[in-house]
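Below is one structure; the comments refer to it alone.
Note that the coordinates shown come from a computational prediction; the quantities given were computed from them, not determined experimentally. Below, all heavy atoms of this structure are taken into account, side chains as well, without hydrogens, waters or symmetry copies. Order of the sequence lines fixes the chain letters, A, B, ..., with proteins taken first and strands second; residue numbering starts at 1 for each chain.
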2 protein chains.
Amino acid sequence: MDLTGTDAPAARFDAFTASCPSRQLLDTIGNKWASLVIVALGLGGRMRYSELAARIAGVSQKMLTQTLRNLERDGLLTRTVTPAVPVRVDYELTSLGRSLLETMHHLKEWAETHMPEVHQAREEYDQRDT
Amino acid sequence: MDLTGTDAPAARFDAFTASCPSRQLLDTIGNKWASLVIVALGLGGRMRYSELAARIAGVSQKMLTQTLRNLERDGLLTRTVTPAVPVRVDYELTSLGRSLLETMHHLKEWAETHMPEVHQAREEYDQRDT
DNA sequence: CTGGATCCACTTTGATACTG
DNA sequence: CAGTATCAAAGTGGATCCAG
């Protein structure tokens with residue numbers, strides 16, 4: 001890996017470039033709701049819309065629907081409608097989605113395990129300038 | 001790593017819970033600018049404000065400043081002001097920040113390597129309903 | 001009744017201009 | 001150079017309404 005930052009990889013996608021499509025992808029997967037949806041589906045397997053809503057506390061229907069649509073569009077999960085009464089909609093990770101799962105899980109784990117250090121850093125920071 | 005979700009540890013932080021502090025942390029580190037800043041600093045080592053702005057194309061000063069402030073507050077990077085004319089401000093990852101680097105790099109790498117599959121998935125999705 | 005679309009108040013983001 | 005201030009634009013969440 002080049003650590004000097006002087007020779008950005010040219011013939012590949014580079015998320016540092018604004019116009020690169022991978023930037024949009026990073027934007028899609030790099031928000032809190034998307035990461036939580038992916039981890040939730042990774043843990044729970046196939047889940048209904050209402051199960052996801054219950055599992056991911058605090059998400060609005062609008063954001064959940066929007067997030068699921070985006071992830072479906074990007075091929076990270078499948079949406080299955082079972083036409084019954086009442087209708088049943090299931091979501092499940094694709095293999096592409098599962099390939100992202102490990103990284104996402106690391107992210108969530110990191111946030112949870114390093115929370116104490118961050119919390120302490122915040123308090124010190126907030127005390128610096130009154 | 002337990003992926004079944006059957007033995008969720010009770011006495012730990014859980015980002016699925018809205019009130020959990022780790023949710024806020026996930027919110028901080030799980031956005032595109034924060035991840036790009038962290039990866040950039042991971043690659044470039046100590047960097048000036050203007051270097052970061054140049055490297056991360058498309059970021060506004062406001063968002064870059066805000067992101068840097070948040071990451072500094074969370075103890076992920078240090079901000080060093082050298083009082084000269086003109087003033088010089090350097091940013092550098094802390095050890096805590098570097099501990100997150102690997103995961104962030106995975107995320108960026110994933111986005112770049114899987115871009116073709118996502119792109120194809122998008123086209124198929126967009127063709128489904130005209 | 002479940003999934004989700006729409007309308008509206010509120011928050012966040014971005015472009016531009018200005019300051020130590 | 002490294003920000004801050006200001007305002008317009010876009011995104012977010014809540015309440016409500018609609019289809020099956």
Give a yes/no on whether any side-chain N or O of [X] is located under 4.0 angstrom from OP1 or OP2 of [N].
| X | N | result |
| --- | --- | --- |
| A/Ser50 | C/dG3 | yes |
| B/Arg48 | D/dC1 | no |
| A/Arg79 | C/dG3 | no |
| B/Tyr91 | D/dC1 | no |
| B/Arg69 | D/dT4 | yes |

Cationic N near anionic O, under 4.0 Å, [X] to [Y]:
| X | Y | result |
| --- | --- | --- |
| B/Arg69 | B/Asp74 | no |
| A/Glu124 | A/Arg128 | no |
| A/Asp126 | B/Arg73 | yes |

**Request:** Go through the steps for B/Arg55 and B/Glu51 under the test salt bridge (Lys or Arg N to Asp or Glu O under 4.0 Å), then give the verdict.
**Result:** CA-CA 6 Å; B/Arg55 175 89 204 189; B/Glu51 290 178 310; over 6 Å; no

May I have the distance from [X] (atom [atom1]) to [N] (atom [atom2]), rounded to whole angstrom?
| X | N | atom1 | atom2 | answer |
| --- | --- | --- | --- | --- |
| B/Leu52 | D/dA2 | CG | C1' | 12 Å |
| A/Glu51 | C/dT2 | CD | P | 12 Å |
| B/Met47 | D/dA2 | CE | P | 11 Å |
| A/Glu72 | C/dG3 | CD | C1' | 13 Å |

**Complete:** Those residues at least two apart in sequence (or on a different chain) that pass salt bridge (Lys or Arg N to Asp or Glu O under 4.0 Å) with B/Lys32 are A/Asp27

**Request:** Please check if the side chain of A/Thr94 supplies one atom and the backbone of A/Leu76 the other of a donor-acceptor pair under 3.5 Å.
**Result:**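 Yes; judged by distance alone, with no hydrogens or angles, the pair exists.
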
**Asked** When you check every protein heavy atom under 4.0 Å of nucleotides 9-20 of chain C, what one-letter string (B, S, -) results, 5' to 3'?
**Response** ----BBBBB---

